[in-house]
Amino acid sequence: MDNQSIFKYSWETLPKKWVKKMERSEHGNRSDTNTDYLFQLLCFLKLHTYTRVQVSIDICGVDHPSRKRRFEVVYNLLSTRYNSRIRVQTSADEVTRISPVVSLFPSAGRWEREVWDMFGVSFINHPDLRRISTDYGFEGHPLRKRPSSEWICGSTL
């Protein structure tokens, strides 16, 4: 199956409430989902015969402070069987907790820890949610965007 076939099959098969929007490009397919259906969608993509996503390449975050649900969490996945990349995106705010996908993709634990450490996006019942890139005494989340009035001018090294 090629990217186009996987895209068409997924769009026709998935429950519509799981996917807000799907887009196809020459580089892969992209799906936007609600945080409530993220785990189910990723489970489908991993276990279904015509998608067979085996690899979680990475998970990253993006901060859009002007949006109500300011954080985007992006899951970049790979189906080695069909040589296809799939990007799944979901949005969250400061209080929304996302289901971890460590049980589906063991390598996701490290990426989810990084998203939490850098952006403050929380993963409910994560088996090891602690800082990974910043010092344990660090307060805040360094990749959160903030108004320029909050920036600290000058540094003391």
Side-chain angles (χ1 to χ4, degrees), residues 1-134 141-146:
M1 285 191 109
D2 61 351
N3 266 347
Q4 184 173 358
S5 301
I6 290 173
F7 175 82
K8 184 178 180 200
Y9 180 80
S10 298
W11 183 248
E12 292 170 355
T13 307
L14 287 167
K16 297 304 176 218
K17 65 181 180 180
W18 286 12
V19 180
K20 289 191 235 176
K21 179 173 69 172
M22 283 185 83
E23 292 178 358
R24 188 179 72 76
S25 75
E26 62 187 71
H27 305 294
N29 300 322
R30 190 185 82 157
S31 302
D32 289 347
T33 187
N34 188 316
T35 54
D36 297 335
Y37 303 110
L38 175 68
F39 188 83
Q40 292 95 317
L41 176 60
L42 293 178
C43 198
F44 172 90
L45 293 173
K46 179 170 183 161
L47 301 175
H48 201 279
T49 305
Y50 295 120
T51 52
R52 293 291 172 125
V53 171
Q54 297 94 355
V55 180
S56 170
I57 298 170
D58 69 358
I59 302 169
C60 54
V62 182
D63 186 4
H64 301 281
S66 60
R67 294 183 185 172
K68 183 177 180 182
R69 295 173 66 87
R70 69 184 278 186
F71 301 107
E72 261 183 25
V73 181
V74 182
Y75 295 77
N76 292 302
L77 310 168
L78 174 66
S79 171
T80 54
R81 181 173 189 159
Y82 298 114
N83 192 25
S84 177
R85 293 178 185 270
I86 300 172
R87 178 181 298 153
V88 176
Q89 296 178 196
T90 190
S91 298
D93 54 21
E94 288 89 348
V95 294
T96 302
R97 299 180 75 192
I98 298 175
S99 296
V101 296
V102 178
S103 59
L104 293 174
F105 304 103
S107 65
R110 184 223 184 277
W111 300 113
E112 289 172 341
R113 284 178 60 192
E114 185 174 30
V115 169
W116 175 78
D117 190 11
M118 296 289 112
F119 295 96
V121 176
S122 185
F123 295 87
I124 191 167
N125 295 327
H126 191 280
D128 189 22
L129 197 60
R130 58 191 165 99
R131 296 216 179 258
I132 193 168
S133 298
T134 58
H141 304 281
L143 293 183
R144 276 191 178 185
K145 295 179 182 172
R146 54 186 184 220

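Hydrogens, waters and symmetry mates are skipped; everything else that's a heavy atom, side chains included, is used.
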Peer 1: Within a strict 4.5 Å, meaning less than it, do heavy atoms of the T13 and F44 side chains meet?
Peer 2: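 A side-chain contact under 4.5 Å exists here.
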
Peer 1: Measuring from atom CE of M118 to atom CD1 of I132, what distance do you get when rounded to the nearest 0.5 angstrom?
Peer 2: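 Output value for this atom pair is 9.0 Å.
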
Peer 1: To check you understand the geometry: which heavy-atom pair defines the closest contact between G61 and V115, and what is its length?
Peer 2: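 Where G61 meets V115 most closely, the heavy atoms are N-CG2, 4.0 Å.
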
Peer 1: Are the side chains of T51 and R81 in contact, using a 4.5 Å heavy-atom criterion?
Peer 2: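 No. Closest side-chain heavy atoms not under 4.5 Å.
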
Peer 1: Roughly how far, to the nearest 0.5 Å, is the CZ atom of F105 from the CG atom of L42?
Peer 2: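 L42 atom CG to F105 atom CZ measures 6.0 Å (nearest 0.5 Å).
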
Peer 1: Which atom names give the shortest non-hydrogen contact between H141 and D117, and what distance separates them?
Peer 2: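 That would be ND1-O, 3.1 Å.
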
Peer 1: Would the distance check show the side chain of R113 and the main-chain N or O of R131 forming a donor-acceptor pair, the cut-off being under 3.5 Å?
Peer 2: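 Side chain of R113 to backbone of R131, a donor-acceptor pair under 3.5 Å: yes, one is there.
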
Peer 1: What is the ring orientation for Y37 with W18, classed by angle as parallel under 30°, tilted 30 to 60°, or perpendicular over 60°?
Peer 2: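 Aromatic pair Y37/W18 classed parallel.
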
Peer 1: Just checking K68: does its NZ atom have more than 12 heavy atoms from other residues, nucleotides or ligands closer to it than 6.0 angstrom?
Peer 2: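 At most 12 heavy atoms, drawn from other residues, nucleotides or ligands, come within 6.0 Å of this atom.
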
Peer 1: Could you please spell out the steps behind the side chain to side chain contact (heavy atoms under 4.5 Å, CB included) verdict for F123 and V102?
Peer 2: CA-CA 10 Å; F123 295 87; V102 178; over 6 Å; no

Peer 1: Between CD1 of I86 and CD1 of I57, what distance do you get to the nearest 0.5 Å?
Peer 2: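 I86 atom CD1 to I57 atom CD1 measures 10.0 Å (nearest 0.5 Å).
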
Peer 1: Please check if the number of heavy atoms outside R87 that lie under 6.0 Å from its CZ is greater than 12.
Peer 2: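 Result for CZ/R87: open.
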
Peer 1: Sequence neighbours excluded, which residues qualify as side chain to side chain contact (heavy atoms under 4.5 Å, CB included) partners of T96?
Peer 2: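 If we apply the side chain to side chain contact (heavy atoms under 4.5 Å, CB included) test to T96, skipping adjacent residues, the hits are T35, R69, A92, D93.
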
Peer 1: Is the backbone of V101 close enough, under 3.5 Å, to the side chain of E112 for a donor and an acceptor to pair up by distance?
Peer 2: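 Here the side-chain-to-backbone pair exists.
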
Peer 1: Please determine whether side chain to side chain contact (heavy atoms under 4.5 Å, CB included) holds for the pair W116 and V121, giving the CA-CA distance in whole Å, both sets of side-chain angles, and the decisive distance to 0.1 Å.
Peer 2: CA-CA 5 Å; W116 175 78; V121 176; 5.9 Å; no

Peer 1: Is Q54 reaching over with its side chain to a backbone N or O of T80, donor-acceptor style, under 3.5 angstrom?
Peer 2: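 Present.
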
Peer 1: Please tell me if the side chains of F119 and V73 come closer than 4.5 Å, counting only heavy atoms from C-beta onward.
Peer 2: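 When only atoms from C-beta onward are counted, V73 and F119 do not touch, as no gap falls below 4.5 Å.
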
Peer 1: For atom NZ of K20, is the number of surrounding heavy atoms from other residues, nucleotides or ligands below 6.0 Å larger than 12?
Peer 2: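 Yes - once you tally the heavy atoms of other residues, nucleotides and ligands closer than 6.0 Å, there are more than 12.
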
Peer 1: Hey, could you give me the CG/CG distance between L14 and L45, rounded to the nearest 0.5 Å?
Peer 2: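 Nearest 0.5 Å value for the CG-CG distance: 6.5 Å.
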
Peer 1: Please check if the side chain of T90 supplies one atom and the backbone of T33 the other of a donor-acceptor pair under 3.5 Å.
Peer 2: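 At least one qualifying donor-acceptor pair exists.
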
Peer 1: Is there a donor-acceptor pair closer than 3.5 Å between any side-chain N or O of S122 and the backbone N or O of R97?
Peer 2: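 No, because the side chain of S122 does not come within donor-acceptor range (under 3.5 Å) of the backbone of R97.
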
Peer 1: If I take atom CD from residue Q89 and atom CG from residue L38, how far apart are they, to the nearest 0.5 angstrom?
Peer 2: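 So the CD of Q89 and the CG of L38 are separated by 11.5 Å.
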
Peer 1: Drop me the distance from N125's CG to S103's OG, to the nearest 0.5 angstrom.
Peer 2: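 The distance works out to 11.0 Å.
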
Peer 1: Do you know the tightest heavy-atom contact between M22 and S10?
Peer 2: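 M22 and S10 have their closest heavy atoms at CE-CB, 3.8 Å.
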
Peer 1: For H48 and V53: C-alpha separation, side-chain torsions, deciding distance, then whether side chain to side chain contact (heavy atoms under 4.5 Å, CB included) applies.
Peer 2: CA-CA 8 Å; H48 201 279; V53 171; over 6 Å; no

Peer 1: State, yes or no, whether a side-chain contact exists between S84 and L78 at a heavy-atom distance under 4.5 Å.
Peer 2: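 The answer is no; the side chains never approach within 4.5 Å.
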
Peer 1: Any sub-3.5 Å donor-acceptor pair from R70's side-chain atoms to R144's backbone N or O?
Peer 2: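 No, because the side chain of R70 does not come within donor-acceptor range (under 3.5 Å) of the backbone of R144.
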
